[in-house]
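I have placed the structure first, in the form of structure tokens, so that the comments after it can refer back to it.
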4 protein chains.
Amino acid sequence: MPRPSVEAERKDQILRATCQVIAEQGYVNLRVSDVAKQAGVSGGTIHYYFDSKRDLVHAAFEYNFARSLERRRWILDSPDDPFSRLRFVIDSYLPVDEETIEAWRVWAALWAEGLREPNLQELNERMYGDWRRLVASIIRDGQDSGQIRAGDPVQFANMLISMIDGMAFQVLLHSQNMTVQRMKATCLAYVDGLSQASPSSK
Amino acid sequence: MPRPSVEAERKDQILRATCQVIAEQGYVNLRVSDVAKQAGVSGGTIHYYFDSKRDLVHAAFEYNFARSLERRRWILDSPDDPFSRLRFVIDSYLPVDEETIEAWRVWAALWAEGLREPNLQELNERMYGDWRRLVASIIRDGQDSGQIRAGDPVQFANMLISMIDGMAFQVLLHSQNMTVQRMKATCLAYVDGLSQASPSSK
Amino acid sequence: MPRPSVEAERKDQILRATCQVIAEQGYVNLRVSDVAKQAGVSGGTIHYYFDSKRDLVHAAFEYNFARSLERRRWILDSPDDPFSRLRFVIDSYLPVDEETIEAWRVWAALWAEGLREPNLQELNERMYGDWRRLVASIIRDGQDSGQIRAGDPVQFANMLISMIDGMAFQVLLHSQNMTVQRMKATCLAYVDGLSQASPSSK
Amino acid sequence: MPRPSVEAERKDQILRATCQVIAEQGYVNLRVSDVAKQAGVSGGTIHYYFDSKRDLVHAAFEYNFARSLERRRWILDSPDDPFSRLRFVIDSYLPVDEETIEAWRVWAALWAEGLREPNLQELNERMYGDWRRLVASIIRDGQDSGQIRAGDPVQFANMLISMIDGMAFQVLLHSQNMTVQRMKATCLAYVDGLSQASPSSK
DNA sequence: GATGAATGAGTCTTCATTCAT
DNA sequence: AATGAATGAAGACTCATTCAT
């Protein structure tokens, strides 16, 4: 008699493995058999839980996005002041630790693939929207408390998160000109510029 | 008597076709035979000029980057004031016309693939560096003429170009929350914030 | 519950088919798909058990050699007198029956290919050495019993087996001057010359 | 106006190159373009002189055989005694110098290919027959002069040349058990056994 | 639930051959 | 006489997918 949770457990195990393989080898080179090996199951088992390779990868993309948001949900609920929380956001996205780097690499694959996959575009719209709202709400908090200068909080959020995305790619490409340190400094400089006393001034 | 430039001509023709196919179908689905069809030559001809599919795609990435820089070189030499030139930069990168969209899609493939291809990383370093320097030099001009506020011009440049990259991706993913219009407005808002009078609001 | 020996069984089946195809068409014209057809399996199955065409053919060479030795092992243990056993050896190598002709043709392919394949050279060294030792031991027996004249048994063996190889090739090439009958007669004449009464002696 | 001898000259040059390539890479791996490179001409030129790859290789086989016989014709006309001439024969076939090794390797390819090419079988019949007759005539001379014992000279010749062929293969396969020295010693031992002093006959 | 043997469609790649110049 | 650009048929190899056990 099968445990009711076997399926969820097994799927989780397979999706985690899929993310690892995508991060390591990219989508182009991903073979179902590699995922199977990584997950420690047989190739047949993968297809027992996922109808096709496409389904598998799409599910992995969703899994990656969801886990990523989850891992940052605490920032929203943090009692710290908005600036600190924005800095948490930045820190949490710096591609320094294994986990974050893997997540970035999976996003890279998702975006590349999403260019011609409506399903993935919807996924991005949904998940990325959550993420944008999270940042915007922090900014709005800052404006409410008078720490952050006036302006469209969504626009500020878009500037910050798109900046993070753009620089993260360069870091992942091992650019000599864009190291993690410089990425962090640049993001922090942007956030500092949001303060009331703000811009440059000096 | 051999044609003087059959090779250069043919390679160009093939690389242009390769970029089109990458833009349309992505790297994952690119078939050498599709490139051949697009270029109007036989499959054998592709391999006559390029040793492997990998070589072909890498050459196409370089071709795409080079053409992109070339198409924007005029901005550097423009007699217009720095702010106008920054706006030209932004305009030239908005994914509106076919040509620019195609270029963005090829970059997307390059970046996704570059995560594990040192050759592509070097290519990105070289070409993207040129691009960063181009923007930074415009900003430096603006600072010299007193129109742009003080600050590290390279950092400003990095903010702008990474922002462009990040938002362009969302636009290409057909995000409802990030249209071309919003991308343009956001970039322009950032550039406006660079002015001496600056402090945004206030 | 997996069949205990599907793999061994299938490999055997494929190797037998490979030998047949090599014998019929030679290595130059061997197509993996021909082997598949001959073995009654799909092309994919061949690659499921052998990494490459090269691996397949090498394994077939080994298989052919091993089977050949096995088929003659009884001569070594035969209770008959040395001369009879040498005649058995000769008989067993005459390219008359289908099985022996096939084996010769595979050896021909092996030797041609072995000229530049260290792996095949090692294989030949190992297997051919067994074969040489088998013949030499018969000759040694004959010398011990006084039927065969003095002399280096290995040298005698080398003369006999190299003679067999050289003539077999001519027979296989359908030489009018070297028929199976003449080959047999010539080999027997050589063996007869090994008798005590005979040559060398002084 | 083309030199009348250009064709013969060019063909010779190409055939020599073909033999070199066959010797180096074998027939399986021979590419027409390799022959072209080796001959210092273009690929098109090969087909200007030879209708197909098959024709080219067959012509090369003939060329190799003819050159080989020519190089040994002097032994037939030598004023030396039959035993010396047999020793010359043996020496001339030991795979020691580059030229002889190359010739052997081409023969190996010819024989492997000849198993299913009637044209090559005829070629072998013709050329190998010359070679057999050459050796037999030396033996006949020896019998006439009383130096070589009675017996069918063609059978003696077949023993010797097949022995040479068989051992040469083992030498070419770099057998540890069959070195050039041992090959030479074994052949000489066989020839010594042909002397009158040495019984056989009865 | 899970396996892994087997499949065969899909592609890259090779290379003999052709032919305009 | 000679070239080398171009072709396209051929074939090795990959791998998602199926299914009997």
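Throughout, protein chains are lettered first and strands after them, A, B, ... in sequence-line order, and every chain is numbered starting at 1.
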For D:R116, salt bridge (charged side-chain N to carboxylate O under 4.0 Å, His left out) partners two or more places apart: none
By salt bridge (charged side-chain N to carboxylate O under 4.0 Å, His left out) - contacts of C:R31 (at least two apart): C:D34
Rounded interatomic separation in angstrom, taking CG from B:L56 and C1' from E:dT11: 14 Å
Spacing of D:H47 atom NE2 relative to E:dT17 atom P, expressed in whole Å: 4 Å
Only distances under 3.5 Å count here; give the side-chain donor-acceptor pairs of residues 104-112 of chain A to other protein atoms, sequence neighbours excluded, each with its distance to 0.1 Å.
unit_1	atom_1	unit_2	atom_2	d
A:W104	NE1	A:Y93	O	2.8
A:R105	NH1	A:A23	O	2.7
A:R105	NH2	B:L115	O	3.2
A:W111	NE1	A:N124	OD1	3.1

Residue-level proximity of residues 11-24 of chain C to DNA chain F when a heavy atom falls under 4.0 Å: none
Residues in side chain to side chain contact (heavy atoms under 4.5 Å, CB included) contact with D:R126, at least two apart in sequence or another chain: D:E62, D:L123
Residue list, salt bridge (charged side-chain N to carboxylate O under 4.0 Å, His left out) with A:R67, at least two apart or on another chain: none
Atom-pair distance (CZ on B:F50; P on E:dT14), nearest Å: 15 Å
Set of residues satisfying salt bridge (charged side-chain N to carboxylate O under 4.0 Å, His left out) with respect to A:R10, sequence neighbours excluded: none
Runs of at least three consecutive pairs that involve DNA chain E, where pairs are Watson-Crick or G-U with distances under 3.5 Å: E:2-21 with F:2-21
Results of side chain to side chain contact (heavy atoms under 4.5 Å, CB included) for C:K11 - residues two or more places apart only: C:E7, C:Y49, C:F50
Pairwise side-chain hydrogen bond (donor to acceptor under 3.5 Å, both in side chains) hits with a residue in residues 39-48 of chain A, at least two apart: A:S42-A:T45
Annotated protein contacts, base or backbone, on nucleotides 6-11 of chain F with a non-hydrogen cut-off under 4.0 Å, one of B, S, - each: BBB--S
Side chains of B:E113 and B:V57 in contact at under 4.5 Å (non-hydrogen atoms): no
Residue pairs passing the salt bridge (charged side-chain N to carboxylate O under 4.0 Å, His left out) test where at least one lies in residues 40-55 of chain D, sequence neighbours excluded: D:R54-D:E117
Atom-pair distance (NZ on D:K37; P on F:dG4), nearest Å: 13 Å
